[in-house]
Visitor: 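Just passing along the structure, written as C-alpha cells.
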2 protein chains.
Amino acid sequence: MTGQVRTVDGRVAGRRGQATRQKLLDCLREMLDTSPYRDVKVIDVARMAGTSPATFYQYFQDVESAILEIANDMAKDGQRLKTLAEDQNWAGKGGFAAAEALADGFLEFWRDYEPILRVVDLASAEGDKRFYKVRQKILTAVTGSLTEAIENMQAKGKVGDEVQPNAMAGTLVAMLAAVAGHQKGFESWNIKMKDVRPALSTLVFMGVTGKKPPTR
Amino acid sequence: MTGQVRTVDGRVAGRRGQATRQKLLDCLREMLDTSPYRDVKVIDVARMAGTSPATFYQYFQDVESAILEIANDMAKDGQRLKTLAEDQNWAGKGGFAAAEALADGFLEFWRDYEPILRVVDLASAEGDKRFYKVRQKILTAVTGSLTEAIENMQAKGKVGDEVQPNAMAGTLVAMLAAVAGHQKGFESWNIKMKDVRPALSTLVFMGVTGKKPPTR
DNA sequence: GCAGAAATCTGACGATCAGTCAGATCGGGT
DNA sequence: ACCCGATCTGACTGATCGTCAGATTTCTGC
C-alpha cells in the first residue's frame with residue numbers, strides 16, 4: 001500500500017535509514033513549533049538531529065518536501081474529521097449535537113497540527129499543487145458529506161434551494177478551518193473559545209438545515 | 001500625522017530617497033505576487049529595482065519589515081470594510097443586501113491584496129505581534145460593528161442570547177476572511193464564486209439576525 | 001568471528017545570499 | 001564652479017545551500 005521509503009536517489013531505505021529519516025522529520029516538526037517558517041534552516045534541523053546537512057539531503061529534496069511528508073501523515077489522521085460529518089441526522093437537537101461535534105473535531109485537529117497546517121495553508125494559497133492536494137484530502141471529504149446533508153434537507157423541501165449545497169458546504173468548512181486556525185488569535189482578542197464553540201455550531205447547524213438551532 | 005520617512009539609521013529621507021524606497025516596496029510586492037514567500041530574497045528585490053542590496057538595507061531592517069510597511073498601507077485602505085458593517089439596518093431585505101455588500105467587500109479586498117494578506121496571516125499566526133496588530137486593525141473594526149449589530153438584535157428580543165455577540169461576530173469575520181483568501185482554491189475545486197457569494201451572505205445574515213434570509 | 005558488500009554518513013567544497021561599512025557619486029544651493 | 005549633505009554601492013565577512021567522493025557503519029554469507 002504505502003510505497004517503501006526511498007532516498008532521493010531512489011534507493012530503498014533500510015532500518016537505520018528510516019530511523020534517521022524519522023528523527024529528521026521529528027526535529028523539523030519541533031523546529032516549526034518554535035521558529036517562523038521562513039527561518040527554518042536545513043542546517044539547524046540537521047544539527048538538532050545530531051547529523052549533518054548532507055544526510056538531510058539524502059532523504060529530502062528540500063525543506064518543503066520534508067514538510068509535505070509530515071503533512072501527508074497528518075492528512076491520514078485527518079480522515080477522522082470526515083466521519084464526524086458523515087451519515088448524521090441533522091434534524092433537531094441531535095443535529096445540533098452533530099454540529100457541535102464537528103466544530104470540536106476541527107478545533108482539536110488544528111490544535112494538534114497547528115504549525116504544519118499553517119504551512120500547508122500558505123503553500124497551497126501560493127499555488128503549490130502538492131500542498132493543495134493535501135489540504136484537499138483533509139477538507140474535501142468533510143465538504144462532500146456536508147454537501148450530501150444539505151442536499152437531503154433541500155430534497156425534503158424543508159430548506160429553500162437558493163443556495164448551492166456545494167458552495168454552502170465549502171463555506172462552512174472554510175469557516176471551521178479558519179476559526180480553528182486562529183484559536184490563539186481569538187483568545188488574545190478577548191473572545192473566549194468557550195463562546196466561539198456555540199457560535200460555530202450554530203452557524204453550521206443553520207447552514208445545513210436553514211433553521212435556528214433548537215433552544216434547550 | 002504620518003511620521004516622516006526615515007532610513008534605518010534615523011536620517012529623514014529626501015525626495016530621491018523616498019522614490020527609491022517606494023520602488024523597492026513596489027518590486028517587493030511584485031515579487032510576492034510571483035514567488036513563494038520563503039523564496040523572496042533581498043538580492044532579487046534590489047536587482048529588480050535596479051539598485052544594490054545595500055540600498056535595501058538602508059531603508060528596511062529586513063524583508064519582513066518591508067512587507068510590514070506594505071501591510072500598513074493596506075490596513076489603511078482596509079478601513080473601508082468597516083463602513084460596510086457600520087450603522088446598517090440588518091432587518092429584512094435591506095439586511096440581506098447589507099450582508100451581500102459585506103461579503104463582496106471582503107472578496108474584493110482580498111483579491112486586491114492576496115499575497116500580502118497571506119504573509120500577514122502566516123506571520124500573525126506565528127505570533128509576530130507587529131503583523132498581528134495589522135491584521136487586528138483591519139478585522140477589529142468590522143468585528144466591532146457586527147458585534148453591535150448583533151447586540152441590537154438581541155436587545156430587541158428578536159434573537160435568543162445563547163450566543164455571545166462578540167464570538168459570533170468574530171466567527172463571521174474569520175469566515176469572510178478565510179473564504180476571501182481561498183477564492184482560487186474554491187474555483188479549482190469546482191465551486192464557483194458566484195455560488196459562494198449567496199452562501200456567505202446567507203450565513204452572515206443568519207449569524208447577525210438569527211433568521212433565514214427573506215425569499216425574494 | 002570475519003571478509004566483502006551494501007547501506008549510510010560526513011567533511012569539504014563552490015555557489016549564493018545576508019548584512020555591514022567606508023568611500024564614491026549625485027544633486028541642489030550659492 | 002564649488003561645496004555639502006544625501007544617497008548609493010563595491011567589497012567584504014560570515015552563514016547557508018546543495019553536491020560529491022570517500023570514510024564509516026551495518027549487514028550477509030560463510
Side-chain angles (χ1 to χ4, degrees), chain A residues 3-28 30-32 34-69 119 123 128 130, chain B residues 3-28 30-32 34-70 119 123 126 128 130:
Chain A
Q4 292 146 312
V5 176
R6 284 173 182 279
T7 58
V8 164
D9 54 340
R11 207 179 44 257
V12 176
R15 205 173 287 132
R16 184 159 66 129
Q18 293 205 20
T20 31
R21 201 184 112 105
Q22 191 55 49
K23 191 167 203 176
L24 284 167
L25 286 177
D26 292 345
C27 291
L28 173 55
E30 193 179 335
M31 206 103 232
L32 281 171
T34 55
S35 319
Y37 171 46
R38 201 173 199 279
D39 295 347
V40 170
K41 310 287 182 194
V42 170
I43 203 177
D44 294 324
V45 177
R47 216 177 341 240
M48 182 184 292
T51 179
S52 88
T55 301
F56 182 96
Y57 286 106
Q58 189 140 36
Y59 295 107
F60 309 104
Q61 201 84 35
D62 51 30
V63 175
E64 284 187 19
S65 306
I67 297 180
L68 192 65
E69 189 71 26
V119 177
D128 187 309
R130 302 170 302 168
Chain B
Q4 293 144 313
V5 176
R6 285 172 182 280
T7 58
V8 165
D9 55 340
R11 205 179 49 256
V12 176
R15 205 174 288 133
R16 185 158 65 125
Q18 293 205 18
T20 27
R21 202 183 112 105
Q22 191 55 49
K23 190 166 201 174
L24 284 167
L25 287 177
D26 293 343
C27 291
L28 173 54
E30 194 180 332
M31 206 102 232
L32 282 171
T34 55
S35 320
Y37 170 47
R38 199 170 200 277
D39 295 347
V40 170
K41 312 285 182 195
V42 169
I43 202 175
D44 294 324
V45 177
R47 213 172 347 236
M48 183 184 293
T51 181
S52 88
T55 302
F56 182 95
Y57 287 104
Q58 189 140 38
Y59 295 107
F60 309 103
Q61 203 83 36
D62 49 29
V63 175
E64 283 188 20
S65 305
I67 297 180
L68 191 66
E69 190 71 25
I70 301 176
V119 177
E126 282 177 343
D128 186 310
R130 303 169 302 166

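None of these values were measured; they are calculated from a predicted model. The sequence lines fix the lettering, A, B, ..., with proteins before strands; numbering per chain opens at 1.
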Visitor: Measure from CG on A:D39 to C1' on C:dA18 and round the result to the nearest Å.
Guide: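 Whole-Å distance recorded here is 12 Å.
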Visitor: Round to the nearest Å and state the distance from A:R11 atom CZ to C:dT8 atom C1'.
Guide: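 In whole Å, C:dT8 C1' lies 7 Å from A:R11 CZ.
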Visitor: Using the side-chain heavy atoms of B:Q58, tell me which of these nucleotides is nearest: C:dT10, D:dT9, C:dG19.
Guide: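 Among the listed nucleotides, the one closest to the side chain of B:Q58 is D:dT9.
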Visitor: Evaluate the criterion side chain to side chain contact (heavy atoms under 4.5 Å, CB included) for residue pair B:L28 and B:V40; output intermediate values, then yes/no.
Guide: CA-CA 8 Å; B:L28 173 54; B:V40 170; 3.8 Å; yes
Visitor: Not counting sequence neighbours, which residues clear side-chain contact (heavy atoms from CB on, under 4.5 Å) with B:T51? List them please.
Guide: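 Counting only residues at least two positions away or on another chain, B:T51 forms a side-chain contact (heavy atoms from CB on, under 4.5 Å) with B:L24, B:A46, B:A49, B:T55.
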Visitor: For A:S35, which residues count as a side chain to side chain donor-acceptor pair (under 3.5 Å) partner, sequence neighbours excluded?
Guide: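 Scan of A:S35 (side chain to side chain donor-acceptor pair (under 3.5 Å), adjacent residues dropped) gives none.
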Visitor: Run the numbers on A:F60 and A:L68 for side chain to side chain contact (heavy atoms under 4.5 Å, CB included), then give the verdict.
Guide: CA-CA 10 Å; A:F60 309 104; A:L68 192 65; over 6 Å; no
Visitor: Using a cut-off of strictly less than 4.0 Å, decide whether B:T55 has a side-chain nitrogen or oxygen near OP1 or OP2 of D:dC8.
Guide: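 Negative; the distance criterion is not met.
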Visitor: Using the test salt bridge (charged side-chain N to carboxylate O under 4.0 Å, His left out), find all partners of B:E126 that sit at least two apart in sequence or belong to another chain.
Guide: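 Listed in chain order: nothing, the list is empty.
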Visitor: For B:V40 and A:G50, take the nucleotide of DNA chain C holding the closest heavy atom to each; which residue's nucleotide lies nearer the 5' end?
Guide: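 Nearest-nucleotide comparison on DNA chain C picks A:G50.
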Visitor: For A:D9 and C:dT8, what is the distance between atoms CG and P respectively, to the nearest whole Å?
Guide: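 Checked: the CG to P distance equals 10 Å.
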Visitor: Going by ring pair (Phe, Tyr, Trp, His ring centres under 6.0 Å), name the residues that satisfy it together with A:Y57, two or more places apart in sequence or in a different chain.
Guide: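 A:Y57 satisfies ring pair (Phe, Tyr, Trp, His ring centres under 6.0 Å) with no residue once adjacent residues are dropped.
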Visitor: Assess the residue pair B:R130 and B:E64 against the criterion (salt bridge (charged side-chain N to carboxylate O under 4.0 Å, His left out)); give the C-alpha distance rounded to whole Å, side-chain angles, the decisive distance to 0.1 Å, and a yes or no.
Guide: CA-CA 10 Å; B:R130 303 169 302 166; B:E64 283 188 20; 3.2 Å; yes
Visitor: Does D:dG18 have its OP1 or OP2 closer than 4.0 Å to a side-chain nitrogen or oxygen of A:Y57?
Guide: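 It does, given that an N or O in the side chain of A:Y57 lies less than 4.0 Å from OP1 or OP2 of D:dG18.
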Visitor: Output one line per pair: protein atom, nucleotide atom from nucleotides 20-30 of chain D, and distance, for all N/O pairs under 3.5 Å.
Guide:
unit_1 : atom_1 : unit_2 : atom_2 : d
D:dC27 : OP1    : A:R15  : NH1    : 3.4

Visitor: With a cut-off of less than 4.0 Å, is there a side-chain N or O of A:T20 near OP1 or OP2 of C:dC9?
Guide: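 For A:T20, the contact criterion (side-chain N or O under 4.0 Å from OP1 or OP2 of C:dC9) is met.
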Visitor: In chain order, what residues pass the side-chain contact (heavy atoms from CB on, under 4.5 Å) check against B:E30, with sequence neighbours excluded?
Guide: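 Counting only residues at least two positions away or on another chain, B:E30 forms a side-chain contact (heavy atoms from CB on, under 4.5 Å) with B:M48.
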Visitor: Which residues pass the side-chain contact (heavy atoms from CB on, under 4.5 Å) test with B:Q58, sequence neighbours left out?
Guide: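 In terms of side-chain contact (heavy atoms from CB on, under 4.5 Å), with neighbours along the sequence ignored, B:Q58 is linked to B:T7, B:R11.
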Visitor: Going by heavy atoms closer than 4.0 Å, what residues in residues 60-69 of chain B are next to DNA chain D?
Guide: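 Heavy-atom contacts with DNA chain D come from no residue of residues 60-69 of chain B; none.
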Visitor: To the nearest angstrom, how far is B:R6 atom CZ from D:dA6 atom P?
Guide: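 It works out to 12 Å between those atoms.
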Visitor: What residue pairs, at least two apart or across chains, pass side chain to side chain donor-acceptor pair (under 3.5 Å) with a residue in residues 39-48 of chain A?
Guide: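 Every pair satisfying side chain to side chain donor-acceptor pair (under 3.5 Å) with a residue in residues 39-48 of chain A: A:D44-A:R47.
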Visitor: Taking atom C1' of D:dT7 as reference, at what distance in whole Å does atom CG of B:L24 sit?
Guide: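 Atom CG in B:L24 sits about 13 Å away from atom C1' in D:dT7.
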Visitor: Go through residues 41-48 of chain B and report each residue with a non-hydrogen atom lying under 4.0 Å from DNA chain C, sorted by number.
Guide: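 Those residues whose heavy atoms fall under 4.0 Å from DNA chain C, taken from residues 41-48 of chain B in numerical order, are B:K41, B:V42, B:I43.
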Visitor: Identify, with sequence neighbours excluded, every residue that meets salt bridge (charged side-chain N to carboxylate O under 4.0 Å, His left out) alongside B:R21.
Guide: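 Counting only residues at least two positions away or on another chain, B:R21 forms a salt bridge (charged side-chain N to carboxylate O under 4.0 Å, His left out) with B:E69.
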Visitor: Touch check for A:T7, heavy atoms < 4.0 angstrom, all strands: base, sugar-phosphate only, or nothing?
Guide: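 Nothing: the residue A:T7, judged by heavy atoms under 4.0 Å, touches no strand.
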Visitor: Taking any heavy-atom pair under 4.0 Å as a contact, classify A:Y59: base, sugar-phosphate, or nothing.
Guide: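 If one applies the 4.0 Å heavy-atom cut-off, A:Y59 turns out to touch the sugar-phosphate alone, with no base involved.
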Visitor: Measure CZ/B:R38 against C1'/D:dC17 and give the value in whole Å, please.
Guide: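 That distance rounds to 11 Å.
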Visitor: side-chain contact (heavy atoms from CB on, under 4.5 Å) with B:R16: which residues, sequence neighbours excluded?
Guide: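 For B:R16, no residue satisfies side-chain contact (heavy atoms from CB on, under 4.5 Å) once neighbours in sequence are set aside.
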